[in-house]
Amino acid sequence: MNYASTRNSSLKVTSAHAIVKGLSDEGGLYVPESVPALSKEEILGLCDKSYVERAYTVFSKFLTDFTDAELRHCVESAYNTKNFDTDNIAEIAKLKDGKFILELWHGPTCAFKDMALQILPYLLTTSAKKEVDGKQIAILVATSGDTGKAALEGFKDVPGTSISVFYPDDGVSPMQKRQMTTQDGNNVNVCAVKGNFDDCQNGVKAIFTDKEIEKKLAEKNVLLSSANSINWGRLAPQIIYYISTYAQLVKDGDIAYGDKVNIVVPTGNFGNILAAYYAKLMGIPVNKLICASNSNNVLTDFINTGVYDRNRKFYTTISPSMDILISSNLERLLYHLTGENSALINEWFDALKTSGRYEVGDDVKKQLSELFYAGCCSDGETKAQIHKTFTEEKYLLDTHSAVAVKVYEDYRAATGDTAKTIIASTANPYKFGRAVYSAVGGKADTEDEFELISHLEQETGTTMPAPLAATKDKAVRFKNTVEKQEMGSVVLDFLNG
C-alpha cells in the first residue's frame, strides 16, 4: 500500500514516509492509492474480537510496510486500560428511536482525539526508525481545543520528539485551555495565538512550507511533522472506531450484518466524518453520512450547494472545536470524488487560498448529495437539545454531540428515515461545563469553573472525569500569546532551547 499526494497523484510513498512527513512537500495531503476492502467474513470475524484486534486488522490493511510485531506493539501500547477508562475503549450508549451514541471520550483527555493520539506516537516513532533514523521529530499542532491536549498527552516525554501546540486565544473553553496550559512534560510547548483556529492552522501549514525554517531545523537534525488530522497517522486510527462499532452492534444483536446504518458526525475540519467515509468504502454498510455543523456552517453550505466559500462571518460558539472555516480534510474527499485528479484539486485550493472560494462540478455535486446529508444549528438549538436529551433520556450530551443529535433529528424529520444511527460523541460534557450547566437549567453566575462543575454534578447526578478533576490544583505553565506571524519564531525559539 503506497500513498499519493492530493496535489501530486504521481507521487508514491510508503505509509511510514507519509506519517513522518505529515504533509507533502507541495502542500498536499497523503491518501492511500486505493482503499482496501473488508469482506463480509472479515467484518463478522471482528464481532468477537477486542478493540485491539479490530485495530490490528484495519491497520494491517493500510500500513503494509509495518511488520506484524510493530503493528501489535503500536495497538497494544495505545489501547489499554492504562490509557482508557474502559476495556471496550469506546462505549456505546443506546437511546430511543434507534440512536446509538458512540462515546469516543474515554481516554486520558476526555475527547475523541485520544482515539488517534494515543497511538500516533507509536506509529510515528516506528515510522521514523524506518525513514529518518536518528533525527529528532518536532510535532506541530494547531488546535481548536481538543487535539492540542490529546497530542500533548500522547507525545509528552516521548524520546526523540518534541511538540508545539498553538490554540486561538479566545476560541477554546476554559477547561480546554486549562488542560493545555497546565500540561506536564519536558518536551512540550503551548502558545495562544491572537486569532481563530484557521489562523493557527494556516500558521502551522506556513511553517511546514517555509524553506528557511526547514534549513535551520535541518542544521539541528530536526524534522517537522504534524499531529493534526492532515497526518495520515492521525486519520487512519479514526476509521477503526466506526468499523468496530458496526461489528459491536452486530454482536449485540442491535443490527444484523448487512443492515445499513446512518453515521452522524459533528465536525469542523472534516477528518472525523472522512474516517466514516473510509469505513464505508472498506465495506461497512452505510446509508447516509450526516455532517453536523454549528453556526460556522461552511460545510453545510458546501455539501448542499457545491460551493465552498470561507468569506463569511466567523462565530465563536459553545462548540468551539467546530469553529472552523477552512476544513483541511475535505481535500482528501474531493481527491477521491474527482477520480484522483490532483490538477483539479490544485486549481480549487489555489482559488480557496487567493479568493476564499471555489465551486465543484456537477459530477462531484451529485456524489456529495448521494453520500451526505448536511445540517447546522445555533447555540440556542444546541442548548435546547442538551436539555431535551437529558430531560427525556437522562443522558448528558456535550455541546458538540448535541449539535450532532439536533441535526440528526432534523434529518429524520425531513426524510422519514428510521435506519439505526450511530452518532459520534466527541467529548465529555464536563469539558464544556459552563454551557452544559446553563443548558440543563443552571445559573452559570460564578467565574470559578470548578465551583460551577460542582453544581453541574449535583444537578445531573453525573461526575466529572478524573483527568479533568486533576487539573484543578495544577500550576499554569504556559502563558504566552503571540500574533499569527510570530508562530515560526516560537517554534524555532523552543527548539533552540
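Residues take their numbers from the sequence shown, with the count starting at 1.
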Using modelled atom types only, decide if a donor and an acceptor are shared between the side chain of [X] and the backbone of [Y] within a distance under 3.5 Å.
X: Asn196; Y: Asp199; result: yes
X: Asp259; Y: Ile255; result: no
X: Ser401; Y: Thr426; result: yes
X: Ser50; Y: Glu53; result: yes
X: Ser369; Y: Lys366; result: yes
X: Asp309; Y: Asn311; result: yes
X: Tyr308; Y: Ser327; result: yes

Check step by step if side-chain hydrogen bond (donor to acceptor under 3.5 Å, both in side chains) holds for Ser328 and Gln201. CA-CA 9 Å; Ser328 289; Gln201 183 168 251; 3.1 Å; yes
Less than 3.5 Å apart, any donor N or O on the side chain of [X] or [Y] sitting next to an acceptor on the other?
X: Gln176; Y: Ser321; value: yes
X: Gln238; Y: Tyr241; value: yes
X: Thr147; Y: Lys113; value: yes
X: Asp114; Y: Asn83; value: no
X: Arg312; Y: Asn296; value: no
X: Asp97; Y: Tyr408; value: no
X: Gln385; Y: Thr382; value: no
X: Glu76; Y: His73; value: no

Would you say [atom1] of [X] has more than 12 non-hydrogen atoms from neighbouring residues, nucleotides or ligands within 6.0 angstrom?
X: Asp252; atom1: CG; answer: yes
X: Lys129; atom1: NZ; answer: no
X: Lys12; atom1: NZ; answer: yes

Any carboxylate oxygen within less than 4.0 angstrom of a Lys/Arg side-chain nitrogen, looking at [X] and [Y]?
X: Asp198; Y: Arg310; value: no
X: Asp417; Y: Lys288; value: no
X: Lys406; Y: Asp410; value: yes
X: Glu331; Y: Arg7; value: yes

Determine whether Lys149 and Glu153 satisfy the following criterion, side-chain contact (heavy atoms from CB on, under 4.5 Å), listing intermediate values before the conclusion. CA-CA 6 Å; Lys149 173 59 180 178; Glu153 195 64 27; 3.2 Å; yes
Specify whether His336 and Tyr278 have parallel, tilted or perpendicular ring planes, treating 30° as the upper limit for parallel and 60° as the lower limit for perpendicular. perpendicular
On the 0 to 90° scale, with breaks at 30° and 60°, tag the Phe372-Phe270 ring pair as parallel, tilted or perpendicular. tilted
The criterion is side-chain contact (heavy atoms from CB on, under 4.5 Å); which residues satisfy it with [X], sequence neighbours excluded?
X: Asp362; result: Lys365
X: Glu347; result: Leu344
X: Pro121; result: Phe155, Val158
X: Ala18; result: Tyr3, Val13, Tyr30

In sequence, state the C-alpha distance, the side-chain angles, and the governing distance for Thr317 and Asn294, and then conclude on side-chain hydrogen bond (donor to acceptor under 3.5 Å, both in side chains). CA-CA 8 Å; Thr317 75; Asn294 60 20; 3.0 Å; yes
Is there any salt bridge (charged side-chain N to carboxylate O under 4.0 Å, His left out) pair reaching into residues 31-49, and which pairs are they, with sequence neighbours excluded? Glu42-Lys61
Given Asp254, which partner from the list Lys94, Gln248, Lys420 fulfils the side chain to side chain donor-acceptor pair (under 3.5 Å) test? Lys94
Taking ring pair (Phe, Tyr, Trp, His ring centres under 6.0 Å) as the definition, give me every residue that meets it alongside Tyr56, ordered by chain and number, with sequence neighbours left out. none
Would Asn329 and Ser229 satisfy side-chain hydrogen bond (donor to acceptor under 3.5 Å, both in side chains), going step by step from the backbone distance to the final call? CA-CA 7 Å; Asn329 273 289; Ser229 56; 2.7 Å; yes
